[in-house]
Amino acid sequence: MPTKNYADAMLDVLRTAMEEDPSFVVMGNEVLGIGPEGAQFEPFQREYSERIYFPPCSEASFAALAAGAAMCGQRVFAHLGLAPFTYPAFSSIANEIASARTSSGGRLDVPVIMHMSHGLLHGGGGQHSETPMGMYWNLPGIEIVMPSGAREVKGLLRTAIRSDNPTLVVTHAFGYGATDDVPDEDYEIPFGVADLRREGNDVTLVACSAMVGVALEAAEQLAADGVGAEVIDLRTLVPLDEAAILASVAKTGHLVVVDEGRLRCGVASEIAATVSERGFDSLRAPIARVARLDVPVSASAIHEAHISPSAEKIVAAAKGAVGAGAPAASGG
Amino acid sequence: MRETTYLKEINATLFEAMRGDPRVLVIGEDVAEGGPYTATAGLAEEFGTDRIRNTPISEAAICGVAIGAAQSGLRPVLEIMFIDFITLALDQLVNAAAKAHSMSGGQLRVPMVLRTQGGAGQRGAAQHSQSLESWLAHVPGLKVVMPSRAVDVAGLLSSAIADPNPVVVIESKTLYFRRERVPDEPEPVPIGRARTVREGGDVTIVALSRLVGEALAAADRLAAEGIEAEVIDPRTLVPLDLEAVVESVRRTNRLVVAHEAVAHGGFGAEIAARVQAAAFDHLDAPIERVGAPFAPVPFSPPLEDAYLPGSEDVYVAARTTLGRPAAGS
Amino acid sequence: MSGRRQPPAGPAAELDDGQALALLATMRRIRLFEERVAQLKRADEVHGLIHLSIGQEAVAAGVCAQLRGDDPVYSGHRAHGHAIAKGAPLERVMAELMGRVDGLCSGLGGSMHLVDTEHGLLGATGVVGGNVPIALGSALAARLGDSDRVAVVFFGDGAVQAGHFNESVNLATLWGLSLILVCENNGFAEFTPRSAHTNIERVSDVVAPYDLTRETVDGNDVLAVREAFGHLLAAARAGRGPMLLECLTHRVRGHYEGDPARYREALAEEDWRERDPILRLERHGVAAGWFDGDAVAAVERDAGEAVSEAVRFARQSPFPPAELIAELVYADRGRG
Amino acid sequence: MAERWDKADRTRLLERMLTIRRFEEAVDRLFHEQAFFAHYHLYIGQEATGVAVMEALGPDDRLATHHRNHGHVIARGSDPSLALAEILGRDTGLNHGCAGTLHMSDPDLGFISTSAIVGGSISLATGAGFALKQADGDAVAVGLFGDGALEEGVSFESLNMAALYSLPVVYVCENNSPGALGSAGGGFPTSVSAVKDLTDIPRTFGIPVETVDGRRFDEVHELAARAVDHCRRREGPYFIHAVTDRWAGSQPLWPEMTTGETEIARAYDEAAIEGEHADWFRDHDPVLIYARELLASGDLSRDELAELDARVTARIAEASEFALAGSPPAPESVNDYVFA
């Protein structure tokens, strides 16, 4: 199977969409991130120059523009940039896109594909390092996709483009160069179906996006210490595969939720609350959340490491849970 | 004791703050005319339109103005007419106000207050009814308060204006006009302290804003059935007085968290996640969360009524957590 | 569109020899500082996204030379030059870029978020145009405090396409605040030429509906920048504002360090020597007899030493303690 | 252009304007009878603009309207019964009661999502124009909004992009601020814009723009037809600035029918025009202005006018009955429309 990076995987899907749908449009600057992979866009750009737009610094407008076009049946892949740059577009996303279908009584579909890059950038500092999924998923009406690798990028993006709902496809800003074995042919990964990446009997590690890799690394370390960790890649946050998490917790009795977003009111909070409610009888120890510390991101590498979830922190949280020692319930 | 309303207390607090401190100014759409709910009525007459500044419908810019004014020594109180419109100012609030102190290594301070109101119940449909406190609580650097009664809105707004940080005061439009009796000399309400509204030993109910009243109504109904509920109003979401909740749960061993916002990803999830960690061995039953379903706020009255959590939902949740489900639920 | 309004008459900007040399020194310091930063970035000694203003030094120098220490200044992601020109110590700027505790922001802000309240630099933002309304707030504070401080905000031409820019111009005009908008129009918004972002060629035309006082100058001519800004500043100081100064300039480097900048042609070396604002002032100053070749060489030598010293200073400064970040979330040191 | 209309056309157009007027009066009446509760915005005083713009459009054109949408939906031809049922939150309404007054839309007639966020309709219409330009054909997009929308940043962003990409969007700014509370202090068009002439904003972007008296059907229609034609020919966007005197009964925040319901006899009987708002009925009411034109041209007799009014009134009475009789949506249906 060919080895491809995120950027290849995205281009595979975008190319197919361009071929299948003559009205498909790509809009956005640095669609494949701001790293060296951006160069991979060039042949694609030459080939489809008529249907590729580089919009002005007008996030509010071009998010709504993509949605307005979607309401007329056109599919636009709108790359909104880094996640913190989507704040200027928040009204368009929250007020216009998320509620349009409900507000029309189901008479209007908004099949817009919004794409953004998220995560700690190793020096991105305060305004370039956001992972605000805790905010986006408190917003009914949008499907949220967080691929953990190039293989997932390809399958999930394909599903997003075919979805009749607004989708938010969130790739890690550092991931574009990450490679995987990715088939050449098109395939879809269904939404709402988590991927059991590793089996284990002692503790469940739930993660998405780049944190899946970190959780797998932690699972290796735990295995060396005799703790069997099960790793679940959520793949989509909305819809969320609660059943997969609950089934795993029923087996292991212990849960560590890993998230690169912030702790308070983050993705890990909702998952912890849900499992503590619906998996109450399975749980043998408090659920631990390993998430980003609740502070603005500092430009300092030391601070960034201090606030980031890491394999070491996951291992400590998992051991804390399994050992039923002190509850490991804080972030960072 | 005197009779007042939540809205009158906001107005009176602004008058008091402006009289006491010439650095305080009020900025917002239609504020000089009093705003749609008259929260700022009369201020322009006393303090002039230099300090009570009407603005264009430009939420992003006016939030930036408040930040810059705060960084430069003023104490702006910015009104965003509906919390739904905070989305338009979110970049300024998240990327600038919340981070300025930290990013500047402590050099800058942003002592601004953002007053806004949220909640449904007035048939405002999907864009004028939301409860978005969880988003704001997700942003480190902001403090977030959510008063549930007149005396608290006065106390918390006053504390917010005095605070050296950006504070978001989320009012409830459905509480504005309710008549309340308050002491003539109310106690100050510090940011970060919960209030035990009702004591009880059987179940703890943590409720936000409008749901405090609903929780009390549920508690009365439970009391009639021999169940004593303790009702706690955190009043401040950030920083959260977690200890008050955990202390109560250690006694009652059961917890219901109730708010009007969408339950999924709501502030209730945060409380539940923290309490299950801090009081795992004390919980005798799953924490029950009461919140809105995962759908935009619908317009139609029966739909909106069904959508909005109320005392019935709190009651059912309390019965459930006690292992004594209400009939028919 | 209605014709451009004439800038208000202000006192003519007198320039003495010392001031001319000071302008040269500021530009040279910025240039050498940034060239060093580019090296240090490749060596991974400075961190994060780095945006250099090489080629645009005349704007920072020409504007800041005339400001008072208490005039609030705001900048964007390309802020090194503005910070240095406004008086921020070179070594503390360098330490900030290297993430050290002696940096301007104790290492928490980094390249895109330089703040130096002591020298009136109240903020730099990584959000395009995000500081324009904030600068307006500082101008409002000056007005309400009966101060004649003038707020200045630097931004690139890309910021003009963001909605909050237009909202801010409207507000500033409506309230008549002493704010000077300084646009560095380098023809590129991030990676894209201006023509791909708007049909409006000049930024000064964007604000035409507000009948704002506005002026467009050659931003590579520090004397022109200084003179035009001097006129605007005098009027703003007298309470007449807001105003816009558009400086047409040229960004030599890519959008950020590491940007392969394949989207445009590099300027030929010869053309660049013609336009380089530093060489231009050197040529002009020597010809006009303001200073001689020795003075020019001394400026370059001093700047080089200052930069080397800044690097030495920054390297010996420790990284900030991990706990600092939690302490600085709230001004009252409380945690959320 | 006026001569292109025959008697039947002009009667139909007046009927449509009057339908909006009677519809809005019914909305206000039903609100005061507590048949519904919501923050609502009436279109009274702007009927000629809405009807003229819709008349210039074809069936494939797309529209984005805003919080003051009732008149646009009716003018485009939606069934008043379904529209009123929507405002009353009934399952029988255009949007199953999910939209109400603020978000009402009729996708079958080309409406996309109706935003109640100021400036939202400008950005969504720009998107519709983007899609229509990509598609074959000559359909155009229309964005309807008030003058306040030009204070929001998203509007500038959208106009810039429409000009840049040469999108077929007709922007219709209905400036109803003259006479409004905010302008009392002397500011025009609103108290909170520094722009002396709003048309300078689109002009800056190179978008053709014209101001028109929004009370005059023929003038608005002539301009709208030109604007639509410009967009059909794919020559880029066009901006219509239609100025109406704000209906005297309207308060900026909460509408009040201080003018009372319109007596159609005011179209011909000067004696019927009296009271505090006589000026408005005499000089500014677009429905009466058009009715007077028809009476003067002989297209309509007084009896025919009375008959028309009776027909419209009966139609709206029927709509009210339909709306009131409609069943509310099932509470569970709140989950039905979130996702496709």
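Values below: all heavy atoms of this structure, side chains included; hydrogens, waters and symmetry mates excluded.
- When heavy atoms are compared at a cutoff of 4.5 Å, B/Glu29 does not approach chain D at all.
- When all heavy atoms of B/Ala295 and D/Val334 are compared, the pair lying nearest together is CB-O, 3.6 Å.
- With rounding to the nearest 0.5 Å, the separation of OG in B/Ser300 from NE2 in D/His96 is 11.5 Å.
- Heavy atoms from other residues, nucleotides or ligands lying under 6.0 Å from CD of D/Gln34 number 12 at most.
- Between D/Ala116 and B/His128 the shortest heavy-atom distance is O-CE1, 3.4 Å.
- Between B/Leu303 and D/Ala330, the shortest heavy-atom distance links the atoms CD2-O, 3.1 Å.
- Residues D/Pro328 and B/Pro302 share a closest heavy-atom pair of CB-CG, 3.1 Å.
- The part of D/Val118 that comes within reach of chain B is its side chain, from C-beta onward, which places non-hydrogen atoms under 4.5 angstrom from that chain.
- Using a 4.5 Å cut-off between heavy atoms, D/Leu102 touches chain B through its side chain atoms alone.
- Only the backbone of D/Ala99 comes within less than 4.5 Å of a heavy atom of chain B; no side-chain atom from C-beta onward does.
- The two atoms that bring B/Ser58 and D/Glu152 nearest to each other are CA-OE1, 4.0 Å, heavy atoms only.
- Counting heavy-atom pairs closer than 4.5 Å to chain D, the top residue among B/Phe294, B/Phe82, B/Tyr307, B/Phe299 is B/Phe299.
- Residues D/Ser115 and B/Gln127 have side chains in contact (heavy-atom distance under 4.5 Å, counting atoms from C-beta outward).
- Of the two parts of D/Phe339, only the side chain, counted from C-beta on, holds a non-hydrogen atom closer than 4.5 Å to a non-hydrogen atom of chain B.
- Side-chain contact check for D/His39 versus B/Arg123: every heavy-atom pair is 4.5 Å or farther apart.
- Residues D/Glu151 and B/Ile57 approach most closely at OE1-N, 2.6 Å, considering heavy atoms.
- Proximity to chain B is absent for every atom of D/Leu150, based on heavy atoms less than 4.5 angstrom apart.
- In this structure, chain D has a heavy atom under 4.5 Å from the side chain of B/Phe85, while its backbone stays farther away.
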